[in-house]
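Reviewing the structure listed below.
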Amino acid sequence: MASIGYIRVSTVEQETGRQLDTVVLDKVFEEKISSATPNRPILAECLNYLREGDIFYVHSIDRLARNLIELQSIVSSLVDKGVEVRFYTENLTFSKGSSPMQELMLQVLGAFAQFERKLIRERQQEGINNAKRQGKYLGRPKKISDEDKKLIIEMHKDGCTPGFIAEKFDVSTSSVYKLIKQYHL
């Protein structure tokens, strides 16, 4: 019997340290990927790793699944396999013989998590639409002005290296290469 943890954050910049930090685990699977991503390789590896008698810890329901159907599918397949599933934040445990009340709680909390994600996306889109109407949402600002683009092309034609040009304009070398490629040089 092993205690296995699955920790997920949505972006590379986010920290995982607060998740399951008080739980003693034999093995941890850590993933930095949005739950909206259909293919989560570390989760798949974790689910394949789990064996009968293992205890599977997840910080919270929304860390495991994108929607209620996926949540129920993962939990029921693990329970059928003889794995005990524990959601730390919600203080819920699922195993063979779980009560109907526990299953109802999983469905209710899973539905709320799915609903919350949809509301967040809806509010985000409303904010973007409002900003666009006010002329404030123009995308990422250009790092290289049109005048600088002409200078960069001229410098490249004169034999300057992309690395030298990038340093002079305080941009990445890849940005210079993209510009050169764009002008078929």
Side-chain angles (χ1 to χ4, degrees), residues 4-21 25 27-50 56-74 77 89 110-185:
I4 311 300
Y6 175 70
I7 296 173
R8 185 190 63 76
V9 291
S10 298
T11 66
V12 176
E13 295 84 24
Q14 291 176 316
E15 293 296 322
T16 59
R18 69 172 186 83
Q19 292 186 32
L20 302 177
D21 59 346
L25 299 167
K27 185 164 179 69
V28 176
F29 290 84
E30 186 176 304
E31 195 156 44
K32 293 188 175 193
I33 192 169
S34 170
S35 67
T37 306
N39 182 19
R40 291 176 282 157
I42 303 298
L43 176 60
E45 181 184 341
C46 177
L47 297 176
N48 286 331
Y49 181 85
L50 290 162
F56 178 52
Y57 287 90
V58 182
H59 185 71
S60 64
I61 287 174
D62 67 332
R63 301 290 89 198
L64 183 61
R66 296 185 306 261
N67 56 51
L68 181 57
I69 293 170
E70 183 182 36
L71 176 66
Q72 289 178 291
S73 173
I74 292 171
S77 69
T89 302
F112 274 118
Q114 182 176 326
F115 177 68
E116 181 181 20
R117 275 192 298 279
K118 285 183 179 183
L119 284 179
I120 289 169
R121 271 185 265 150
E122 190 176 281
R123 285 192 299 261
Q124 181 183 28
Q125 191 58 51
E126 284 174 8
I128 290 169
N129 292 341
N130 286 339
K132 282 181 178 179
R133 278 194 296 277
Q134 296 172 13
K136 294 179 182 177
Y137 187 84
L138 305 171
R140 183 174 166 196
K142 291 182 181 180
K143 182 94 179 197
I144 304 172
S145 69
D146 290 337
E147 285 181 25
D148 287 347
K149 285 180 183 180
K150 291 175 187 173
L151 288 171
I152 289 170
I153 297 304
E154 288 303 315
M155 288 176 75
H156 179 68
K157 285 180 181 177
D158 290 342
C160 293
T161 66
F164 176 80
I165 296 169
E167 191 175 312
K168 290 294 176 193
F169 287 89
D170 191 29
V171 296
S172 68
T173 307
S174 64
S175 294
V176 175
Y177 277 114
K178 284 178 192 173
L179 189 61
I180 291 168
K181 186 177 177 182
Q182 182 181 352
Y183 286 89
H184 308 290
L185 299 174

| field | Lys/Arg cation over aromatic Y177: K181, 6.0 Å, 45° cone | value | no

Student check: side-chain heavy atoms of [X] and [Y] closer than 4.5 Å:
X    : Y    : result
V176 : F169 : no
K132 : I128 : yes
I74  : Y6   : no

| task | Answer yes or no: does atom CD of E167 have more than 12 heavy-atom neighbours from other residues, nucleotides or ligands under 6.0 Å? | result | no

| More than 12 heavy atoms of other groups within 6.0 Å of I69 CD1 | no

| said: If the condition is side chain to side chain donor-acceptor pair (under 3.5 Å), which residues does S60 pass it with, not counting sequence neighbours? | reply: D62

| For R123, which residues count as a side chain to side chain donor-acceptor pair (under 3.5 Å) partner, sequence neighbours excluded? | none

Hey, could you give me the [atom1]/[atom2] distance between [X] and [Y], rounded to the nearest 0.5 Å?
X    : Y    : atom1 : atom2 : value
R63  : I7   : CZ    : CD1   : 11.0 Å
L43  : E70  : CG    : CD    : 7.0 Å
C46  : L50  : SG    : CG    : 4.5 Å
I120 : F115 : CD1   : CZ    : 11.0 Å
I180 : H156 : CD1   : NE2   : 4.0 Å
K118 : N67  : NZ    : CG    : 8.0 Å

Closest approach of [X] and [Y], non-hydrogen atoms and distance?
X    : Y    : value
Q19  : V9   : NE2-CG1, 3.6 Å
L25  : Y57  : CD2-CD1, 3.5 Å
I144 : S175 : CD1-CB, 4.3 Å

| Check: R8 side chain, E31 main-chain N or O, donor-acceptor pair, under 3.5 Å | no

| said: If only side-chain N and O atoms count, and only distance matters, is there a donor-acceptor pair under 3.5 Å linking E126 with N130? | reply: no

| query | Hey, mind stepping through Q72 and L68 against side chain to side chain contact (heavy atoms under 4.5 Å, CB included) and telling me if it holds? | reply | CA-CA 6 Å; Q72 289 178 291; L68 181 57; 3.7 Å; yes

